[in-house]
There are 2 protein chains.
Amino acid sequence: MTAIFDSLSEPIARRVTAGLAKIALVLRSRAWKGAGAAGVTPTQGQALGLLRDAPDGIGLRAIAKLLGVTPPTASDAVNTLVAKGLVTKAPGADRRSINLVLTPRGETLADQTREWPSFLADAVDTLDPVEQAALLRALVKVIRSLQQAGDVPLQRMCLTCTFFRPNVHHDAAAPHHCAYVDAPFGDRHLRLACPEHAPASVEEQERAWQAFAPLRTPPGADAHAAGRSD
Amino acid sequence: MTAIFDSLSEPIARRVTAGLAKIALVLRSRAWKGAGAAGVTPTQGQALGLLRDAPDGIGLRAIAKLLGVTPPTASDAVNTLVAKGLVTKAPGADRRSINLVLTPRGETLADQTREWPSFLADAVDTLDPVEQAALLRALVKVIRSLQQAGDVPLQRMCLTCTFFRPNVHHDAAAPHHCAYVDAPFGDRHLRLACPEHAPASVEEQERAWQAFAPLRTPPGADAHAAGRSD
DNA sequence: CCCACTATGTTAGGAGTCCGAACAATGTTG
DNA sequence: CAACATTGTTCGGACTCCTAACATAGTGGG
């Protein structure tokens, strides 16, 4: 009955991708606007953010991988940050490797660059809580898929965490369980960058995925969901 | 009961934003990888894509706004494209304005750069159709919100189209109606860049939004949906 | 008609983002 | 110890961005 649209339109995955690309565009654009004010450029700001999450410091290689750029590019950005007095290069475990750590000023600035995408957070906040949870869940799944395909480095998210127990409770609001804090939680609490994350084995991950992935719709909603798909 | 997580975690809007930012990162990174092969850089590729959607050609100012950059930057990119023989500068209506049009080679290349984000489309395709629709719907709402805030130029999407009649049918799979093709459709068919888009007046948009925004969950699913929130 | 005023696009200069290629230096392994 | 792999750097070059300062072309009021 909606065959007209299914045949006329681009596939939904394309349109979703286009939407994500539009948002990506705005994020980049806004980052540049905020750049002048803070005295750091988008890439530099993102590097600061990464270092903020890694108090012990990390190597250049890791930064490059997380930023999605080549080592030379990361080296450029880091050197600029060092010149600006926001980061210091400490010797690493190896005598060839370096350990990047934020200076106090760097920490302050990192907290500011964190605020860059707040305009987007405001937009997300206008959504209904149910929609927010669905959006987060969908993003988590997409990112997992990207990770599986090797398009993205390993993320510290629940889905790959050894403490994650998906869909073990009957409470629809909080069906999952975190064995680290030993507490139940729901889709809306899913994390993408958990400090306590501990990588699960491949088998564990696969099991967690199987338990997490399917949509848990109660009998009443089932017909609806089925009718909506195509 | 899930108070622990609500107090320990960052707000959900932040985590969603972080997820979107991660995807934005990959998109940028992949665009650069594809750049070398195609002989054009990400910005140039995006410009080609914009021109592909505007067969009559558009001005430099418009390109700049759509790309989210300043006119000089757009001028740079366009000049490079002209030098590469992918775009021509035709005189515009004004004697000061120019009209950018793709050359045949430009069209061919534009179709190729379109494929850059297909890896992301693949990831989205792994989602359940119901989730895809929810994701698209959420993105549409977020983008509308960004548009309202002036963070994004006007998009050719259903929500701002004079032909859009949200939630006028009882069919849960296709509650909306497009007065242009005179056919019902559902969330999964929502468009972000419709060629037939005609801007609606502010009042029309507001009315459409009021009718579209609320979550329409059928009675059976209602308890579930409510229970799923926090 | 002419003087602001506005709009479109350009140039100039400078910092930064990216890449690939080629290097050093340090570990690792057969 | 000789390959080999790993970490980070330097180099050259194309492109991305910005702000500021210009041209030039339409517009409106006096």
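No experiment lies behind these values; they were computed from the predicted model shown. In what follows, chains are A, B, ... by sequence order, proteins preceding strands, each numbered from 1.
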In whole Å, what is the span from the [atom1] atom of [X] to the [atom2] atom of [N]?
{"X": "A:L27", "N": "D:dC17", "atom1": "CG", "atom2": "P", "answer": "14 Å"}
{"X": "A:N79", "N": "C:dT17", "atom1": "CG", "atom2": "C1'", "answer": "14 Å"}
{"X": "A:W32", "N": "C:dA15", "atom1": "CH2", "atom2": "P", "answer": "13 Å"}
{"X": "B:I63", "N": "C:dT10", "atom1": "CD1", "atom2": "C1'", "answer": "16 Å"}
{"X": "A:R28", "N": "C:dG16", "atom1": "CZ", "atom2": "C1'", "answer": "15 Å"}
{"X": "B:L60", "N": "D:dT24", "atom1": "CG", "atom2": "C1'", "answer": "15 Å"}
{"X": "A:L67", "N": "C:dG16", "atom1": "CG", "atom2": "C1'", "answer": "14 Å"}
{"X": "A:I98", "N": "C:dT26", "atom1": "CD1", "atom2": "P", "answer": "15 Å"}

Taking 4.0 angstrom as the limit, do [X] and [Y] come out as a salt bridge?
{"X": "B:R165", "Y": "B:D182", "answer": "no"}
{"X": "A:R188", "Y": "A:E131", "answer": "no"}
{"X": "A:D151", "Y": "B:K33", "answer": "no"}
{"X": "A:E115", "Y": "B:R14", "answer": "yes"}

Problem - Close residues, residues 39-48 of chain A, relative to DNA chain C [heavy-atom separation under 4.0 Å] - result: A:T41, A:T43, A:Q44

Completion exercise
Contacts of B:T80 and B:T70 projected onto DNA chain D by closest heavy atom; the upstream (5') one is B:T80

Problem - B:G68 vs A:N99, nearer the 5' end of DNA chain D by closest nucleotide - result: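 The residue mapped nearer the 5' terminus is A:N99.
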
Problem - Presence of donor-acceptor pair under 3.5 Å, side chain of A:R96 and base of D:dT7 - result: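 There is none.
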
Practice task
Would you kindly check whether a donor in the side chain of A:R95 faces an acceptor in the base of C:dT26, or vice versa, at under 3.5 angstrom?
Solution key: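 Looking at the base of C:dT26, it does not pair with any donor or acceptor on the side chain of A:R95 (distance under 3.5 Å).
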
Looking only at the side chain of [X] (C-beta and beyond, no hydrogens), which of the listed nucleotides [options] gets closest?
{"X": "B:D76", "options": "D:dC17, D:dT9, C:dG9", "result": "D:dC17"}
{"X": "A:D94", "options": "C:dG27, C:dC18, C:dT11", "result": "C:dG27"}
{"X": "A:T73", "options": "C:dC18, D:dC18, D:dT7", "result": "C:dC18"}
{"X": "A:R61", "options": "D:dG26, D:dG8, C:dG9", "result": "D:dG8"}
{"X": "B:K89", "options": "C:dT17, D:dC15, C:dT10", "result": "C:dT10"}

Handout entry: Nearest-nucleotide 5' precedence on DNA chain C, B:S29 against A:K84
Key =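 Comparing both residues, the 5'-ward one is A:K84.
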
Problem - For A:P117 against A:L27, the heavy-atom pair lying closest together - result: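 Answer, listing the atom of A:P117 first, then A:L27: CB-CD2, 3.9 Å.
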
Problem - Cation over ring face, A:R207 and A:F212, 6.0 Å, 45° - result: no

Practice task
Validate the cation-pi geometry between A:R144 and A:W209: distance from NZ or CZ to the six-membered ring centre under 6.0 Å, angle to the ring axis within 45°.
Solution key: yes

Practice task
Tell me whether the OP1 or OP2 atom of C:dT10 has a side-chain N or O from B:S75 closer than 4.0 Å.
Solution key: yes

Practice task
Assess the side chains of A:S9 and B:R191: does a donor N or O sit below 3.5 Å from an acceptor N or O?
Solution key: yes

Exercise for the section: Select base, sugar-phosphate, or nothing to describe what B:K33 touches, counting heavy atoms under 4.0 Å on all strands. Expected result: nothing

